[in-house]
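All values derive from a computational prediction rather than experimental measurement. In what follows, every chain begins at residue 1, and chains take the letters A, B, ... in the order their sequences are listed.
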Amino acid sequence: MNKYSTLKGVCDIVPPDDKLWDFIEEISKEVFSIYGFKNIRIPVIEYTELFKRGIGEGTDIVEKEMYTFSDRSGRSITLRPEGTASVVRSYIENNLSDLPSPQKFFYLGPMFRYERPQKGRYRQFYQIGAEVFGSSNPSTDAEIFSMLNMFLDKVGLTNTQLQINSIGCPICRPNYISSLIEFFSKHSDNLCTDCQNRLQKNPLRLLDCKNEGCGIIKKDAPLITQSLCGECVNHHNQLKHLLDLQGISFIENPLIVRGLDYYTKTAFEITADHIGAQNTVIAGGRYDNLVHEFGGAKTPAIGFAIGLERLALLLKDKEMIDKKVPLIYFAILGDKALDKALLMAKKYRKEGLWVEIGNPSDSLKSQMKKADKFNAESVIIIGENEINSGIAIKKRMNDGVQEEVNIN
RNA sequence: GUGAGCAUAGCUCAAUUGGUCAGAGCACUGGAUUGUGGAUCCAGGGGUUGAGGGUUCAAGUCCCUUUGUUCACCCCA
């Protein structure tokens, strides 16, 4: 039993998984920069108020999932549960609207939510997110999907499904919600207890209940598609047209709802099988009013976040190509040999070679074994004889061929 | 916050109905091969069976508590 362990729902990412994570991060940076996204590094902690206002007071995230504490001056601080609120804050605070429009940013790092962990869900989890400010045009939405397609392709993830929906705007959504409430209220007695609550708290959630009984009722529920205002309909139709044009396949899913309050119009999820109940790998949407609500100029925006644990879970079996840096292993006998090896190691490392030096108090045999375990390209053996003669043996490990090298 | 399963060596797992049950494989270390790896053989280290309490002549095995973990619900990436 270890005395210390990680907190619940928090884990270390250790080799060999580091390689996969590096790979994912590299691909994202490569692809995102092609689309003009600049990296933005936002803090892990913010004033609690930021998330309350951004994500929404009534949401589960704010109500029961935030890591919130008082700092030494008594201010309420929160470990970020998501990235968008911070990026919007930064956008306004740093006057990033001065950059040529549209402004595109991506970020990468850990998020924190106090939830019960399960497959694909952790209390500290990593996201790569991206946000675009200053364009309300559906072409921007389409570019996002184009970029994500490229990302998924390069990262090697197939069999994903893009599902899109429009959840309207402050003009048309209230109408929809009231028609939804009206409809479900009529069937209130037949709804599961969760849905009874949803009816009060979060009517949009009624649509994605997994309960069978509710499913039957749900079939006849009004769809948001029928309630959208002209502007939202146009936006949505143009987006679909642009997706078709680019050959990006998608499914229209009028049941997609986003959990955070700030979303408008386009909402989407990219899902994959085989990662458990949490099958959403990427999710996001448009939020045309958030910048203004945060005190900035009226600025339309759209963004998304990729769940890295979920992505890594899907790519777990992918073979990572080892970047081969050849290893020179020094098997040394005695302290004089150590001195010599250290000097030679410095030279080799300057040339970009990987060097490991054996423990001079270990037997030659065990040092050879170690070299083998490290998969050394070659071993240089230095002992008394070599020090005296100035010539050492260099053994190539794959075929055992030995040659002499000058060590002076 | 709710529900269910699991918890034995570094890892993967054994241990008939509570009765030599604390084991195996892999890994690790050493030896066979006095200064030369991978194969083989041999040997060794390592566990108060997650923790605490209880029942019993006897608990890894049954009961309670607790912690962790897995999966699902809520919700979400």
Quiz item: So, the side chain of A:E26 versus the backbone of A:F23: is there a donor-acceptor pair under 3.5 Å, distance only?
Solution: no

Self-check item: Near-strand residues of residues 117-133 of chain A, defined as heavy-atom separation under 4.0 angstrom from RNA chain B
Solution: A:Q118, A:K119, A:G120, A:R121, A:Y122, A:F125, A:Q127

Practice problem: Please measure how far the P atom in B:C41 lies from the corresponding atom in B:A27, and state the result in whole Å. | Solution: 12 Å

Quiz item: Looking only at atom types and distance, does a side-chain atom of A:R41 sit under 3.5 Å from a main-chain N or O of A:L108, one as donor and one as acceptor?
Solution: no

Practice problem: Write out all pairs satisfying ring pair (Phe, Tyr, Trp, His ring centres under 6.0 Å) with one or both partners inside residues 170-224 of chain A, taking only residues at least two apart or from two chains. | Solution: A:F183-A:H187

Quiz item: Residues two or more places apart in sequence or in another chain: which of them pass side chain to side chain donor-acceptor pair (under 3.5 Å) with A:S76?
Solution: A:T48

Exercise. Identify, residue by residue, the members of residues 146-165 of chain A with a heavy atom below 4.0 Å from RNA chain B, and return them in order of residue number, or none.
Key: none

Exercise. May I have the distance from A:L108 (atom CG) to B:A77 (atom P), rounded to whole angstrom?
Key: 17 Å

Quiz item: Heavy atoms under 4.0 Å, any strand shown: does A:E115 hit a base, just sugar-phosphate, or nothing?
Solution: base

Exercise. Could you identify which residues of residues 47-55 of chain A place a heavy atom less than 4.0 Å from some atom of RNA chain B, listed by residue number, or say none?
Key: none

Self-check item: Spatial distance of atom CD (A:E65) from atom CD1 (A:I55) [nearest 0.5 Å]
Solution: 9.5 Å

Self-check item: Same-atom distance (C1') from B:G45 to B:G30, integer angstrom
Solution: 10 Å

Practice problem: Given side-chain contact (heavy atoms from CB on, under 4.5 Å), test A:Y67 with A:R123 step by step and report yes or no. | Solution: CA-CA 10 Å; A:Y67 278 94; A:R123 289 185 170 180; 3.3 Å; yes

Quiz item: P atom, B:U20 versus B:U12: distance in rounded Å?
Solution: 27 Å

Quiz item: How far apart are the C-alpha atoms of A:S101 and A:S135, what are their side-chain angles, what is the distance that settles it, and do they pass the side-chain contact (heavy atoms from CB on, under 4.5 Å) test?
Solution: CA-CA 8 Å; A:S101 170; A:S135 165; 5.9 Å; no

Quiz item: Reading RNA chain B 5' to 3', how would its secondary structure be written in dot-bracket notation, given Watson-Crick and G-U pairs with both distances under 3.5 Å, brackets [ ] for crossing pairs and | for partners on other strands?
Solution: (((((((..((((.....[...)))).(((((.......))))).....(((((..]....))))))))))))....

Quiz item: Think A:R198 has a side-chain N or O under 4.0 angstrom from the OP1 or OP2 of B:C74?
Solution: yes

Practice problem: Pick base, sugar-phosphate or nothing for A:A283, based on heavy-atom distances below 4.0 Å to the nucleic acid. | Solution: sugar-phosphate

Practice problem: Using a 4.0 Å cut-off on protein heavy atoms (strictly under), produce a 5'-to-3' string for nucleotides 39-44 of chain B with B for base contact, S for backbone-only sugar-phosphate contact, and - for none. | Solution: ------

Exercise. Determine the contact category for A:G9: base if any of its heavy atoms lies under 4.0 Å from a base atom, sugar-phosphate if only primed atoms, P, OP1 or OP2 are that close, otherwise nothing.
Key: sugar-phosphate

Quiz prompt | Pairs involving residues 399-408 of chain A, ordered by first then second residue, that meet side chain to side chain donor-acceptor pair (under 3.5 Å) (sequence neighbours left out) | solution = A:K340-A:N408, A:R396-A:D399

Quiz item: Roughly how many Å is it from NZ in A:K8 to C1' in B:A7, rounded to a whole number?
Solution: 14 Å

Quiz item: Listed by chain and number, what are the side chain to side chain donor-acceptor pair (under 3.5 Å) partners of A:N253, not counting sequence neighbours?
Solution: A:Q163

Quiz item: With sequence neighbours left out, what residues match A:D71 under side chain to side chain donor-acceptor pair (under 3.5 Å)?
Solution: A:S73

Quiz prompt | With A:T160 via side chain to side chain contact (heavy atoms under 4.5 Å, CB included) - residues at least two apart | solution = A:L152, A:L157, A:I270, A:A272

Practice problem: Determine the Euclidean distance between corresponding P atoms of B:G50 and B:G35; express it in Å to zero decimal places. | Solution: 43 Å

Exercise. Sugar-phosphate means primed atoms, P, OP1 and OP2; the rest is base. With that split, encode nucleotides 25-37 of chain B 5' to 3' as B, S or - using protein heavy atoms under 4.0 Å.
Key: ---SSS--B-BBB

Quiz item: Starting at the 5' end of RNA chain B and moving along, which residue's nearest nucleotide shows up first, A:L260 or A:V10?
Solution: A:V10

Self-check item: Atom P, compared across B:G60 and B:U70: separation rounded to whole Å
Solution: 27 Å

Self-check item: Under 3.5 Å side-chain donor-acceptor pair for A:N175 and A:S227
Solution: no

Quiz item: Base, sugar-phosphate, or nothing: which does A:V281 touch, judged by heavy atoms less than 4.0 Å apart?
Solution: sugar-phosphate

